[in-house]
Amino acid sequence: MTERRVAAAWVPAVILAAAFLALTLGAKAPAPGGKSPLQDDEIVALLRDYLRIDTSNPPGNELKAARFFKEWFDREGIPSEIFEFAPGRADLVARLKGNGTKRPLLLANHMDVVNVERPYWSVDPFAGIQKDGFLYGRGALDMKSTGLLEAAAMVNVKRSGGGLSRDLIFLATADEEVGALGAQWVVDQRPDLVKDAEFMLNEGGVIDEVDGKARSYDVGVTEKCPMWVKITARGRPGHGSQPFARDNAVLALLRSLERLSRYDTPMQVIPAADAYFKARAAAQPAGRAEKYRNVREALKDPEFRSSLEADPLLNAILRNTIAITMLQGAPQTNIIPTAAEARVDIRLLPGQDPAAFLAEIKKVVEEPGVTVETVGTYVPATASPVESDLMRAIERARARHHPDTVLAPTILTGWTESALMRPLGIQAYGFEPYVLDESEQNRAHGNDERISVDNVVRGARIMEEVVRDVSR
Ligand SMILES: [Zn+2]
């Protein structure tokens with residue numbers, strides 16, 4: 001009741017403010033000869049619909065999401081095609097023609113999301129819930145919002161009559177979170193769909209907020225290379241009632257892993273890390289700022305060094321990392337198993353030799369009966385230039401929306417499909433225009449993943465501005 005009264009009292013002011021904004025920015029006025037752009041509430045409603053499509057991977061079911069985009073693009077008269085490369089698994093590609101004076105811009109996103117641990121969510125993760133100024137749902141951050149805003153930018157360009165210097169290619173893929181089958185299918189089977197693109201905008205960095213203040217536009221220019229490893233210990237099986245120490249697979253595995261957990265990889269400053277620290281120097285207190293400007297030298301100071309090591313992100317961009325993530329022994333409590341197994345998530349910096357690193361790991365875990373092997377394939381990391389037209393377009397958007405921030409090239413610690421697309425000659429960048437502090441960012445892959453309506457609305461503007469700016 002109270003809420004309704006308050007809301008009613010505010011209506012005139014809201015209408016006035018909206019009218020003022022529309023007049024001053026011209027944001028919602030139709031372009032000459034074009035249709036009105038998507039309204040903010042339409043974009044929010046579309047995102048809620050998209051969040052309602054359960055594309056938890058495994059199993060994925062991305063075909064449903066591909067159909068969502070296809071129907072939308074059909075309504076807007078933008079040609080698109082669905083490629084169902086396996087039952088229920090599909091990519092979608094849409095293309096809006098420009099005048100061809102510049103090579104295309106690829107707007108890339110994945111439609112699948114990671115699974116949820118339902119008991120830990122306070123809302124239904126697939127109901128498109130809007131609550132307290134936030135949209136809740138698996139994929140709200142990773143990365144259904146960005147996919148939707150990329151499509152919205154394309155729709156608005158189409159509605160305003162097109163006329164860009166580049167084609168816009170919208171690529172929505174399946175299976176990024178598990179095996180990247182969708183992006184790999186494009187690379188292997190239909191590279192013609194994307195490979196003339198000059199730039200790619202993908203998931204990656206965000207607008208980083210610290211202590212309630214936007215600090216930097218983080219743009220991913222490279223990412224670490226995941227190398228997943230299986231460590232297996234084999235021994236003598238037995239009954240849990242009569243334990244023994246020799247030839248015991250579980251005990252051998254524990255000893256190996258204990259050594260691995262204490263193993264420190266050397267710290268190293270690659271050029272992108274150097275640029276990362278330099279860009280953030282100004283936001284640091286005076287003494288620390290000096291160290292950020294010359295981080296290579298500053299690492300010799302043990303106190304500074306341990307302050308970086310204590311920060312999981314900074315630590316990860318300065319070294320190859322090793323995370324022990326899965327453990328498996330007997331299928332039941334009263335068995336001493338023949339084999340025990342651990343999985344380890346290793347992430348290598350660009351420019352590393354994966355075989356040499358694996359040999360190092362083997363030495364660390366060496367133990368009778370213990371073997372080490374890689375699981376799946378790994379693609380060595382690649383990088384895009386720190387200076388480019390797309391970077392400059394993002395920089396101009398930054399100056400308009402958040403003049404007090406800096407543009408910061410970033411090394412992503414996670415893997416993205418950019419790593420598959422860069423070898424096709426595409427300069428791929430990871431940037432998602434949302435102001436997020438660490439605790440909000442951590443909801444990606446976590447519980448109660450959400451994005452604020454403010455971020456969606458402002459993000460839609462920034463996305464469209466960047467797309468238009470780099471395609472003038
Ligand atoms: Zn993602």
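In this text, all values refer to a predicted model and were calculated from it rather than measured experimentally.
Here the shortest heavy-atom pairing between Glu203 and Leu412 reads O-CD1, 4.3 Å. In terms of heavy-atom proximity, Val269 sits nearest to Ala273 at CG1-CB, 4.2 Å. Pairing each heavy atom of Asp142 with each of Ala444, the nearest pair is CB-CB, 4.2 Å. The two residues Ala65 and Thr55 come nearest to each other via the heavy atoms CB-CG2, 3.9 Å. The heavy-atom pair separating Ser80 from Leu92 by the smallest distance is OG-CD1, 4.2 Å. What you find for Tyr429 and Leu390 is that their closest heavy atoms are CD1-CD2, 3.6 Å.
Residues Pro433 and His401 fail the side-chain proximity criterion, which asks for heavy atoms closer than 4.5 Å. Using a 4.5 Å heavy-atom cutoff, the side chains of Arg347 and Trp228 are in contact. Inter-residue side-chain proximity for Leu51 and Phe126 is flagged as unmet; no heavy-atom pair is nearer than 4.5 Å. Under the 4.5 Å side-chain criterion, counting only non-hydrogen atoms from C-beta, Leu148 is in contact with Leu46. Taking the side chain as every heavy atom from C-beta outward, Gln352 and Gln268 approach each other to under 4.5 Å. Side-chain contact check for Ile78 versus Val155: some heavy-atom pair is nearer than 4.5 Å. With a 4.5 Å cut-off on side-chain heavy atoms, Arg458 and Val435 count as touching. Within the 4.5 Å cutoff, side-chain heavy atoms of Val295 are placed close to those of Leu308.
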Exercise for review: Take Val467 and Asn156, measure what side chain to side chain contact (heavy atoms under 4.5 Å, CB included) needs, and give me the verdict at the end.
Suggested key: CA-CA 11 Å; Val467 167; Asn156 278 345; over 6 Å; no
Point to revise | Derivation of the salt bridge (Lys or Arg N to Asp or Glu O under 4.0 Å) call for Arg461 and Asp40 | key: CA-CA 10 Å; Arg461 297 222 167 85; Asp40 294 344; 3.3 Å; yes
Practice item. Would you please test Glu177 and Asn57 for side-chain hydrogen bond (donor to acceptor under 3.5 Å, both in side chains) and show each step? Key: CA-CA 7 Å; Glu177 297 288 3; Asn57 186 18; over 6 Å; no
Check your understanding: Does the pair Asp175 and Trp185 meet the rule for a side chain to side chain contact (heavy atoms under 4.5 Å, CB included), with working shown?
Key -> CA-CA 10 Å; Asp175 196 46; Trp185 181 86; over 6 Å; no
Review point. Where do Ile462 and Ile207 land on the side chain to side chain contact (heavy atoms under 4.5 Å, CB included) test, with the steps shown first?
Key: CA-CA 11 Å; Ile462 296 175; Ile207 303 166; 4.2 Å; yes
Exercise for review: Could you check Arg52 against Arg48 for side chain to side chain contact (heavy atoms under 4.5 Å, CB included), going step by step and ending with a plain yes or no?
Suggested key: CA-CA 6 Å; Arg52 290 186 183 110; Arg48 293 178 68 187; 3.7 Å; yes
Point to revise | side-chain hydrogen bond (donor to acceptor under 3.5 Å, both in side chains) between Asp448 and Ser122, intermediate numbers included | key: CA-CA 7 Å; Asp448 281 352; Ser122 69; 2.9 Å; yes
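Residue Leu424 forms a side-chain contact (heavy atoms from CB on, under 4.5 Å) with just one option from Leu106, Val187, Val186, and that option is Val187. Among Lys35, Glu464, Arg468, the one residue that satisfies the side-chain hydrogen bond (donor to acceptor under 3.5 Å, both in side chains) test with Ser160 is Arg468.
In this structure, Arg450 CZ and Asn455 CG are separated by 10.5 Å, a value rounded to the nearest 0.5 Å. In this structure, the separation between CD on Gln328 and OG1 on Thr232 is 10.0 Å, given to the nearest 0.5 Å. Rounding to the nearest 0.5 Å places CH2 of Trp415 at 4.0 Å from CG of Leu420. A distance of 9.0 Å separates OG1 in Thr371 from CD1 in Ile231, rounded to the nearest 0.5 Å. Rounding to the nearest 0.5 angstrom, the gap separating the CG atom in Asn320 from the CZ atom in Phe357 is 4.5 Å. To the nearest 0.5 angstrom, Thr325 atom OG1 is 8.5 Å from Arg343 atom CZ.
For Lys102 (side chain) and Arg472 (main-chain N/O), a donor-acceptor pair under 3.5 Å exists by modelled atom type. At distances below 3.5 Å, not a single donor-acceptor pair connects side-chain atoms of Asn447 with backbone N or O atoms of Trp121. Panel note: side chain Ser145, backbone Ala140; a donor-acceptor pair is recorded below 3.5 Å. When atom types are taken as modelled, the side chain of Tyr434 and the backbone of Asp454 share no donor-acceptor pair closer than 3.5 angstrom. Using a distance-only test at 3.5 Å, with no hydrogens or angles considered, no donor-acceptor pair links the side chain of Thr173 to the main chain of Asp91. For the pair Lys224 (side chain) and Arg319 (backbone), a donor-acceptor distance under 3.5 Å is present. Side chain of Asn115 to main chain of Ser56: no donor-acceptor pair is present (N/O by atom type, distance under 3.5 Å, no hydrogens or angles). Using a distance-only test at 3.5 Å, with no hydrogens or angles considered, a donor-acceptor pair links the side chain of Thr222 to the main chain of Thr382. Side chain of Glu62 to backbone of Met111: no donor-acceptor contact under 3.5 angstrom is found. One N or O on the side chain of Arg138 and one on the backbone of Gly446 form a donor-acceptor pair closer than 3.5 Å.
Remark: Ala90 pairs with Leu63, Ala66, Ile82, Glu84 by the side chain to side chain contact (heavy atoms under 4.5 Å, CB included) rule, at least two apart or across chains. Residues that satisfy the ring-ring contact (aromatic ring centres under 6.0 Å, His included) test with Tyr276, not counting sequence neighbours, are absent from this structure. Residues satisfying the salt bridge (charged side-chain N to carboxylate O under 4.0 Å, His left out) test with Glu198, not counting sequence neighbours, are Arg166. Among residues two or more places apart in sequence or in another chain, the side chain to side chain contact (heavy atoms under 4.5 Å, CB included) test is passed with Ala428 by Met200, Ser384, Ser418, Arg422.
Applying the salt bridge (charged side-chain N to carboxylate O under 4.0 Å, His left out) test to residues at least two apart or on different chains, the pairs with a partner in residues 114-137 are Arg118-Asp124. Sorted by first and then second residue, the salt bridge (charged side-chain N to carboxylate O under 4.0 Å, His left out) pairs involving residues 387-406 (not counting sequence neighbours) are Glu387-Arg392, Asp389-Arg392, Glu395-Arg398, Arg396-Asp469, Arg400-Glu465.
Taking the six-membered ring for Trp and thresholds of 30 and 60 degrees, Tyr50 and Phe68 have nearly parallel ring planes, at less than 30 degrees apart. Aromatic ring pairs are classed by plane angle as parallel below 30°, tilted from 30° to 60° and perpendicular above 60°; the pair Phe170 and Phe73 is perpendicular.
Under a 4.0 Å N-O distance rule, the pair Arg280/Asp311 does not qualify as a salt bridge.
Lys195 NZ: 12 or fewer foreign heavy atoms inside a 6.0 Å radius.
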